Amino acid sequence: MTAAAPNDTFLKALRREPTEHTPVWLMRQAGRYLPEYNATRARAGSFLALCKNPELACEVTLQPLARYPLDAAILFSDILTVPDAMGLGLYFAEGEGPKFERPVRDEAAVAQLTAPDPNESLRYVMDGVRTIRQALGGRVPLIGFSGSPFTLACYMVEGGGSDDFRRIKTMLYSRPDLLHRILEVNARAVASYLNAQIEAGAQAVMIFDSWGGVLADAAFQEFSLAYTRKVLDGLVRERDENGRKVAVPSIVFTKGGGLWLESIADSGCDGVGVDWTVNLARARARIGDRCAIQGNLDPMVLMAGPDQVRSEARKVLESFGPPTPGQAQIFNLGHGISQFTPPDNVLALVETVHQHSREIRRRSAGAA
């Protein structure tokens with residue numbers, strides 16, 4: 001059986017080079033909507049045990065690629081591995097999501113924070129990256145990722161998820177010095193963590209600023225985007241790949257960040273992820289040729305039937321329009337895929353993105 005030719009469409013789009021089709025991958029594409037993932041997680045014993053086992057993390061990373069012709073793989077891990085490595089005691093409460101045994105809420109706790117060495121306390125992640133790269137065999141690129149400094153701080157201060165972010169916003173307004181100290185440590189930690197992933201073999205990296213959108217405008221600029229910029233400024237921009245230097249692009253996704261697209265595009269990233277509330281045509285006009293745009297189907301579309309999925313996918317592609325020199329789209333959801341998604345609908349989505357994006361290109365070439 002002949003091995004499939006390497007598919008670098010995703011990386012080409014991030015470099016804003018011409019592609020034959022719009023590349024597609026999905027946030028949380030390896031997850032609970034897949035029965036094979038649930039079986040592997042049961043073997044691991046827990047979500048955290050699965051994350052910390054490089055072989056099993058590789059297994060679940062590859063599972064969606066066995067089902068669907070996706071254009072990229074994303075490392076199976078969790079954004080909270082970094083604060084866990086800081087000694088905050090990450091655990092997952094049944095039905096409640098992630099929790100920290102030792103949240104960071106006072107001067108003493110903040111003073112004790114240090115950026116972990118990713119090749120020591122997070123070595124299992126790097127082992128996972130290396131294992132996945134070897135298993136992929138160059139079929140598609142591997143994306144590494146981290147939470148943004150601010151998003152990690154939200155969990156660290158709140159002690160878990162939050163509906164109102166009361167604790168971190170109280171700190172932001174009453175003791176901004178403490179929050180800045182947390183964010184400084186987090187920015188160093190995230191940059192070194194992503195660089196270690198790149199060294200281990202990640203071919204692109206993504207920063208998930210999941211909670212930046214809960215901030216007021218001035219607070220977003222000062223406490224979220226400024227520290228995302230610090231991470232981007234500290235990233236390795238190319239890696240050695242089989243004796244040659246290749247660029248390592250980056251994507252920034254701020255959920256609820258539609259107000260700040262221009263600022264995010266100017267942050268030093270190569271791609272801007274947008275959620276489903278953003279009009280892609282207007283986003284394209286605002287960002288211009290500064291970055292590729294990633295997004296942005298509402299994940300709940302996948303709860304409808306295959307015909308509705310195909311129709312909505314075509315609408316997203318038509319909204320962006322035909323790629324032109326210096327502009328490119330990477331198709332994705334506007335947030336992570338739901339655990340309740342019917343797996344067959346994902347196949348309908350991926351096939352439609354590939355087929356219809358080719359049709360858009362043919363139509364555009366014929367009109368030229």
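All values below were derived from every heavy atom in this structure, side-chain atoms included, with hydrogens, water molecules and symmetry-related copies excluded. Because the structure is predicted, anything quoted here is derived from the model rather than measured.
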Hydrophobic cluster membership, Met86 vs Leu48, 4.5 Å side-chain cutoff: yes
Greater than 12 external heavy atoms within 6.0 Å of Arg32's CZ: no
Short side-chain to backbone donor-acceptor contact, Thr341 and Ile337, under 3.5 Å: no
ILVMFWY clustering at 4.5 Å (side-chain atoms), partners of Val246: none
Atom CD of Glu199: over 12 foreign heavy atoms under 6.0 Å: no
Verdict with reasoning, Thr324 to Arg284, per side-chain hydrogen bond (donor to acceptor under 3.5 Å, both in side chains): CA-CA 11 Å; Thr324 54; Arg284 182 176 180 176; 3.0 Å; yes
Partners passing salt bridge (charged side-chain N to carboxylate O under 4.0 Å, His left out) against Arg181 (at least two apart in sequence or in another chain): none
ring-ring contact (aromatic ring centres under 6.0 Å, His included) contacts in which one or both residues fall within residues 35-82, not counting sequence neighbours: Tyr37-Phe76, Phe47-Phe76, Phe47-Phe92
Atom pairs and distances, donor-acceptor, side-chain atoms in residues 301-311, under 3.5 Å, two or more places apart:
from   : atom 1 : to     : atom 2 : distance (Å)
Asp307 : OD1    : Arg310 : NH1    : 3.0
Gln308 : OE1    : Gly305 : N      : 3.1

Partners meeting salt bridge (charged side-chain N to carboxylate O under 4.0 Å, His left out) with Glu158 (sequence neighbours left out): none
Pairs meeting criterion ring-ring contact (aromatic ring centres under 6.0 Å, His included) with involvement of residues 257-315, two or more places apart: Phe220-Trp260
Pair listing, ring-ring contact (aromatic ring centres under 6.0 Å, His included) test, anchored in residues 297-334, at least two apart: none
All pairs passing ring-ring contact (aromatic ring centres under 6.0 Å, His included) where residues 114-139 contributes a residue, at least two apart: none
Lys99: salt bridge (charged side-chain N to carboxylate O under 4.0 Å, His left out) partners, not counting sequence neighbours: Glu96
Donor-acceptor pair, side chain of Asn296 and main chain of Leu333, under 3.5 angstrom: no
Partner set under salt bridge (charged side-chain N to carboxylate O under 4.0 Å, His left out) for Asp78, not counting sequence neighbours: none
Identified side-chain hydrogen bond (donor to acceptor under 3.5 Å, both in side chains) partner of Glu36 from the options Arg67, Arg41, Gln63: Arg67
Side-chain cluster (under 4.5 Å, hydrophobic types only) that Tyr91 belongs to, other residues: none
Exercise answer: donor-acceptor pairs, residues 187-196 side-chain atoms, under 3.5 Å, sequence neighbours excluded:
from   : atom 1 : to     : atom 2 : distance (Å)
Ser192 : OG     : Arg188 : O      : 3.1
Ser192 : OG     : Ala189 : O      : 3.0
Tyr193 : OH     : Thr81  : OG1    : 3.1
Asn195 : OD1    : Val236 : N      : 2.7
Asn195 : ND2    : Ala191 : O      : 3.3
Asn195 : ND2    : Gly234 : O      : 3.0

